[in-house]
Every structure is written in C-alpha cells, then in structure tokens.
Amino acid sequence: MRKRIAALRDLPAAFGAKATGARAERVRSSPQFDGKVFRNVAPRHPMTAAAMRTIFREMFFGEHRELRKPAHPVPLVAAEPVLAADGLYLTWYGHASTLVELDGARVLLDPVWSDRVSPAAFAGPRRLHEPPVALSALGRIDAVVISHDHYDHLDLATVRALTASSEAPFLVPLGVGAHLERWHVPASRIIELDWHEEATVAGVRFVATPAQHFSGRGITNDDTLWTSWALLGPSHRVFYSGDTGYFDGFAAIGAEHGPFDAALIQIGAYAPHWPDIHMTPEEGVAAGLDVRAKLLVPVHWATFQLAMHPWGEPADRVWSEAKEADLPLAIPRPGERIDVAAPPAVDGWWQAL
C-alpha cells in the first residue's frame, strides 16, 4: 500500500512538464515545429476510430496471446563493468537500453530500469525479464542519450537514480529538457538539440539526426521532438535509430555521417496499424544498409509487450533478412557485452524460449 501511495504522489511528475522561457523559444524556432506541434518530414497516417477498435480487440482478445511472452526465463548476462576500454563495445540490457563504450567514453542510451513503462508504477506494460544488472553496477557513465519522451525510453525513476549517482550530462531532443528540469536534473547537465545540431562530450560528437515518430507523456502529443543519434568518436561511429518508421532520411544520415561501425536499430513493436512510427525487422535491415552500417544490432524487442506479434518473431525475421541482405548481425542476450570488432555468431538463443 505504501508503494502505491508513493507511486500516486509521483504521478504528476511522471507526466513531465512543458517547455517555458528559453526552452520554449527554441521549440518555437525549430524548423520541425509548425507553431503547434513537432512534425515528421512525411505526415503520419491518421489513426482512425475503427483502427483503434481493432487494436484494442487484437491486443486484449486476439488469438495466441500467449505467444507474445517467452514461455521460459530470458537468459541474462551480468557482465562486470570495464571502465577503460579502447575500441567499440555494446551491451544491450533489453528493449532499447544500451551501453555504448566508444573509444574510451561510456554512453548510456535510453536507460529504463523500472518494472513498468507507464506514468504509474503499479500499471502499464511490465517487464518480461529483470534488468541484467543493477543500475548502480554499471560503473562510470560519461553521457546519457535520450531519443524521445515515451515511457519506454524516458523513465522518471531511472533519470532520478542517474542524476544522483553520476555527473553525466543528458543529451535530449528539443522540449525534453523541461521534463528533466521538473525531475531536478541540473540545467547545467541538460543538452537539448534539434535535428542536425550536435554537442561534444567526453571526446564524442553527438549529432541529433532525424527520425519518423511522435512524442508525448500525457494527453497531448508532439510538443517535444524525437530523434535518432549519430555517435562519432575519434576512431569509431555508432548509429542509434531510436523509435522510427522507415523513411528516406536514413540514406542521408549514412551519406553525411557514415559508414557506421555498428547500428542499433529498432525492430520490435511493429503492426500494420502504425506503419510509419515503428519499423518491421525487414525495414530495420534496410535502414542498416541505408546508414552504411558494418554491423546491425537489433533493439526494441524482448523486454516489454507493446504490440501483437509473437515475442521472438522480430529476432527471427531480422536474422532471415540480414542473411538475405548479407548484412553482419549480432543478437546478444540481455547484458551480454559484445566487441564490435569480433561480434559473436548469431545462435538463435531466443528460439528455445
């Protein structure tokens, strides 16, 4: 009961805040802002009432709902942190949360350690596996990168913990800084960027690159921006798609900032009802080719049930498509640290679950 009362107290804060003052002025001056909301390069398909009814019916009453969760525990790897490593290493913790060790810098992408992705700690989609390691066990973090403000990418409890345990700055899209300020992240640790803007932290250039998605934590949507990210180190480069539909902007990103040694690409939570906000696995492979990735590491699957497809289907489909496209692929277990220079062979570990 006490936990539920505490969660209710946090509910208003979880919704975040709207940009004011100088932050609001930057929002209004963005080429992506139309005077009311942020917009994509190409307009999204509107969600009709009929489509919403179909989604509700399939989500809660559709056939084979048991296939949307693993039948057995997901194998987790609790790797010890390596605080000083040259080269390029990736540790995927589940969903989109990933540690990128890039030429000595340690960068955390879209960290979510909470049990549920929701404004309320007692409701909403729940984890299908525990975090492989405690947030406090990650070691030094030099930067935290956020792609957009949806609950499965921007988590109040995780932000609070990282604010208390590290001095790392948060690199976020326009408008998201207002959420962080409400959560008592010091303004000096918030770096807000529009598409094509960049900042350098710990020797790494962080470029906010376009994505095709939407945003929102409350009743209204699209008053904060969404981004993909190019992480450009002295010797290595990483692309992170964030959440996005497939669009021709990937080729432009590859031409300007690629080739990338690795690309972390969203492949899960797709459905015919929202084709322009999440990619299918096949589109994820196409995006990897477009950005000129030397290795594709799929993310945004396995941890939260956010769509109607079977749990392991994204991994099966991306594996098949990557082989067809001759694109090198790594599908690590959650918590498994991979050396991008010598990635492990794909072994289908999820198929036993």
Side-chain angles (χ1 to χ4, degrees), residues 12-44 96 107-111 119 142-156 158-160 162-163 166-202 204-232 239-245 247 249 252-253 256-257 277:
F15 289 121
K18 288 188 178 295
T20 59
R23 295 196 189 284
E25 182 55 37
R26 289 202 64 207
V27 165
R28 288 191 293 268
S29 64
S30 169
Q32 281 58 250
F33 194 73
D34 69 3
K36 295 181 179 179
V37 295
F38 284 100
R39 63 183 188 274
N40 287 301
V41 174
R44 291 199 309 267
V107 180
L108 196 55
L109 305 179
D110 282 352
D142 295 309
V144 180
V145 170
I146 304 297
S147 64
H148 64 296
D149 71 358
H150 285 156
Y151 292 99
D152 57 322
H153 294 259
L154 179 64
D155 177 57
L156 169 58
T158 304
V159 168
R160 283 176 170 169
L162 288 168
T163 302
S166 80
E167 298 297 324
F170 291 79
L171 294 104
V172 302
L174 284 184
V176 176
H179 300 328
L180 301 188
E181 282 193 323
R182 182 171 188 181
W183 301 344
H184 305 296
V185 178
S188 60
R189 290 177 59 183
I190 300 171
I191 301 172
E192 271 189 318
L193 298 178
D194 200 350
W195 288 354
H196 310 295
E197 293 182 340
E198 65 179 73
T200 298
V201 176
V204 175
R205 289 174 56 211
F206 294 85
V207 185
T209 46
Q212 182 89 4
H213 197 54
F214 71 111
S215 66
R217 297 180 71 85
I219 297 173
T220 61
N221 288 333
D222 301 341
D223 51 8
T224 65
L225 187 59
W226 47 93
T227 66
S228 59
W229 289 92
L231 281 59
L232 312 178
F239 175 72
Y240 170 45
S241 70
D243 278 8
T244 180
F247 73 124
I253 292 168
E256 183 172 0
H257 302 296
I277 60 170

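L171 contributes atom CG, which lies 9.5 Å from atom CD1 of I146 (distance to the nearest 0.5 angstrom).
A centroid separation of 6.0 Å or more is found between the aromatic rings of H179 and F15.
With sequence neighbours excluded, the residues forming a side-chain hydrogen bond (donor to acceptor under 3.5 Å, both in side chains) with E192 are R23, listed by chain and number. The ring pair (Phe, Tyr, Trp, His ring centres under 6.0 Å) check on F33 picks up F38, with sequence neighbours excluded. For T244, there are no side-chain hydrogen bond (donor to acceptor under 3.5 Å, both in side chains) partners at least two apart in sequence or on another chain. Judged as a side-chain hydrogen bond (donor to acceptor under 3.5 Å, both in side chains), and not counting sequence neighbours, H257 has no contacts.
Classified by interplanar angle (parallel below 30°, tilted 30° to 60°, perpendicular above 60°), the ring pair H153/H148 is tilted.
Judged purely by atom type and a 3.5 angstrom limit, R182 has no side-chain atom pairing as donor or acceptor with the backbone of A14. When atom types are taken as modelled, the side chain of T227 and the backbone of W229 share no donor-acceptor pair closer than 3.5 angstrom. Under the 3.5 Å distance criterion, the side-chain polar atoms of R189 are matched with a main-chain donor or acceptor of A168. Remark: side-chain polar atoms of W226 are not paired, donor with acceptor, to backbone N or O of P210 under 3.5 angstrom.
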Requested in this report: Tell me, with the steps shown, if V176 and F170 meet side chain to side chain contact (heavy atoms under 4.5 Å, CB included).
Outcome: CA-CA 10 Å; V176 176; F170 291 79; over 6 Å; no
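For the residue pair S228 / S241, no side-chain donor-acceptor distance below 3.5 Å is found, with atom types taken as modelled.
Listed by first and then second residue, the salt bridge (Lys or Arg N to Asp or Glu O under 4.0 Å) pairs that reach into residues 146-155 come to none, sequence neighbours excluded. Listed by first and then second residue, the salt bridge (Lys or Arg N to Asp or Glu O under 4.0 Å) pairs involving residues 214-226 are K18-D223, R44-D222 (not counting sequence neighbours).
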